[in-house]
A.B. asks: 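To start, I am sharing the structure in question, which I have written as structure tokens.
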There are 2 protein chains.
Amino acid sequence: MTRSADIRVAVSTVILTLRRGDDGPPVLALPLVRRTREPFAERWALPGGWLTPEESPVDAAARTLAETTGLAPTYLEQLYAFGAVDRSPTRVVSIVYWALLRQDDVEAQITAHRASGRAPENVEWFDVDDLPALAFDHHEIIEYALWRLRNKVGYSRVAQGFLPAEFTLAELREAYESILGRALDPANFRRQVESAGNLIRTDRFRTGSHRPARLYRDDTDLELADRGPLRPEETRTR
Amino acid sequence: MTRSADIRVAVSTVILTLRRGDDGPPVLALPLVRRTREPFAERWALPGGWLTPEESPVDAAARTLAETTGLAPTYLEQLYAFGAVDRSPTRVVSIVYWALLRQDDVEAQITAHRASGRAPENVEWFDVDDLPALAFDHHEIIEYALWRLRNKVGYSRVAQGFLPAEFTLAELREAYESILGRALDPANFRRQVESAGNLIRTDRFRTGSHRPARLYRDDTDLELADRGPLRPEETRTR
DNA sequence: GCAAAAGTGTTAAGCTTACACCCATGC
DNA sequence: GCATGGGTGTAAGCTTAACACTTTTGC
């Protein structure tokens, strides 16, 4: 009855944001934590920790996400449970989540950390196409998370999880283009998202360059993606 | 470091097949196991067992599936890891898989069991819309598996996992109709699956009623669904 | 022949895609 | 004015959906 006692359960999270470069298009980025002990000491790894008896996996993901970034995600979903026998020297099953953070939240938090001088230890943000060597199977896990994101962007509104409260359609389109890796026709993109009816037009405009662009915000009454019939405690994010 | 030692890991599988009634349309059905001990003694539950240290979750799912049904699945995919604190009196994380079985395999196996008199103990097949009271959160798990199946049927070929080696387009359409719960236009259905190019026309026909129908078989070189970049050991089914 | 299922043809509607063009602002 | 991104118009092409129609069998 206690045959599985020597299998430990960890929870890790692929925390994604869209970092806006000053020059080119925005790029997907994620925080990694430098390991301080064996195995894989000094290597970078996904944020996470052991699942505690008092806490559900999704709560553990939200908690370690907050500990690593100081932020709450706009989207949080289970990715996969990885449990291959040889994925760690000791037997570990990792329940992995993926989360989206708003780019402005991340930038504000990094600025605040820098100003106060008390940033989380051993945490660093990396562009997804410029990752260091990673511990365990975390590289494959990130690949799978990116595949899921790119898929889900096609049939849900998850891309809006990266954007601030108000944004222009060009900013939303830039987010899609960065995630999908290809250019989208501005005219058609506009019509598609407008007719989808998930965006709320504001009366405000973004000025500063050329013709002012209308600001939109997303309808927070609607989930960013259909979670199906999962129990509420499996899906709550805020 | 051993904080998660009192969390045990189980693996369960929602094993689905399409049972063809003599009269009406085929219905989804699954095997359940009657529990012999507490908690939930005498209640029906999903087939499964504890994850052993020597075996990966997907192997455990395939093994318990074979123990319950004597069969190998045509499709096997991880569904979700359920880990809410209160889902069991003791703390259990269940990595749940969902699997498809060919209807002819299931029928042959049931007939064989009946003939030999040595059917697996405490196993019974139920139609999904006529389930008994279930142990734990297994009812919600089944609902989620059915939601996933219905979704996946729309953008993959998983429905073919229910059918025998050779089948008519009407049989394939019946499978889709049963899963989706609505009628499909035979003419349009034919064109869609033919143009998808995943079926191989045979020179054989199903006779016995009215005009003979051409038999098709599926292209076994192709996966029934896109698994993304998951490692092969996470996806192998045969 | 007749009923019924297999299979083909045809057309309307809608959606996607490409791209021409006008609008409003900063410089 | 003019360059530039914001925003609208429009038409071709493809996909979906509805349904009429022909073919081939069992009875």
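Order of the sequence lines sets the chain letters (A, B, ...), proteins ahead of strands, with each chain counted from 1.
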A.B. asks: Output the rounded distance in Å from CZ (B/Arg201) to C1' (C/dG7).
C.D. replies: 11 Å
A.B. asks: Please state how far atom CG in B/Asp185 lies from atom P in C/dG9, giving the value in whole angstrom units.
C.D. replies: 15 Å
A.B. asks: Rounded to whole angstrom units, what separation is found between the CZ atom of A/Arg190 and the C1' atom of C/dC23?
C.D. replies: 12 Å
A.B. asks: Between P on C/dA5 and CZ on B/Arg206, what's the gap in Å once rounded to a whole number?
C.D. replies: 15 Å
A.B. asks: Which atom names give the shortest non-hydrogen contact between B/Asp137 and B/Arg87, and what distance separates them?
C.D. replies: OD2-NE, 2.7 Å
A.B. asks: Can you see which heavy atom on A/Leu46 is nearest to which on A/Ser12, and at what distance?
C.D. replies: CB-CB, 4.1 Å
A.B. asks: Tell me every residue that passes ring pair (Phe, Tyr, Trp, His ring centres under 6.0 Å) with B/Tyr80, counting only those two or more places apart in sequence or in another chain.
C.D. replies: B/Phe82, B/Tyr144
A.B. asks: If you look at every strand shown and take non-hydrogen atoms under 4.0 Å, does B/Arg214 touch a base, only sugar-phosphate, or nothing?
C.D. replies: sugar-phosphate
A.B. asks: Does any donor atom in the side chain of B/Asn188 or B/Arg191 lie under 3.5 Å from an acceptor atom in the other side chain?
C.D. replies: yes
A.B. asks: Under the side-chain contact (heavy atoms from CB on, under 4.5 Å) criterion, do A/Tyr75 and A/Leu149 qualify, and how do the steps go?
C.D. replies: CA-CA 11 Å; A/Tyr75 188 73; A/Leu149 169 65; over 6 Å; no
A.B. asks: From C/dA6, C/dT17, C/dG7, pick the nucleotide closest to the side chain of B/Phe205?
C.D. replies: C/dG7
A.B. asks: For chain A and DNA chain D, what are the first and last nucleotides along the strand, 5' to 3', with at least one atom under 4.0 angstrom from a heavy atom of the protein chain?
C.D. replies: D/dT4 to D/dT10
A.B. asks: Can you tell me whether the side chain of A/Arg211 and the base of C/dA24 have a donor-acceptor pair closer than 3.5 Å?
C.D. replies: no
A.B. asks: Looking at A/Arg217, I'd like to know if its CZ atom is crowded, meaning that more than 12 non-hydrogen atoms belonging to other residues, nucleotides or ligands lie closer than 6.0 Å.
C.D. replies: no
A.B. asks: Check every strand shown and say whether A/Ala187 touches a base, only sugar-phosphate, or nothing at a heavy-atom separation below 4.0 Å.
C.D. replies: base
A.B. asks: Rounding to a whole Å, what distance do you find between B/Leu169:CG and C/dT8:P?
C.D. replies: 10 Å
A.B. asks: Distance check needed: C/dA5 P versus B/Glu177 CD, whole Å only.
C.D. replies: 13 Å
A.B. asks: Which heavy atom in B/Thr168 sits nearest to a heavy atom in B/Arg206, and how many Å separate them?
C.D. replies: CG2-CB, 3.7 Å
A.B. asks: Rounded to whole angstrom units, what separation is found between the CD atom of A/Gln192 and the P atom of C/dA18?
C.D. replies: 11 Å
A.B. asks: Rounded to the Å, how far apart are B/His210 NE2 and C/dC2 P?
C.D. replies: 17 Å
A.B. asks: Return whichever of A/Pro212 or B/Pro186 has its heavy-atom-nearest nucleotide of DNA chain C closer to the 5' end.
C.D. replies: B/Pro186
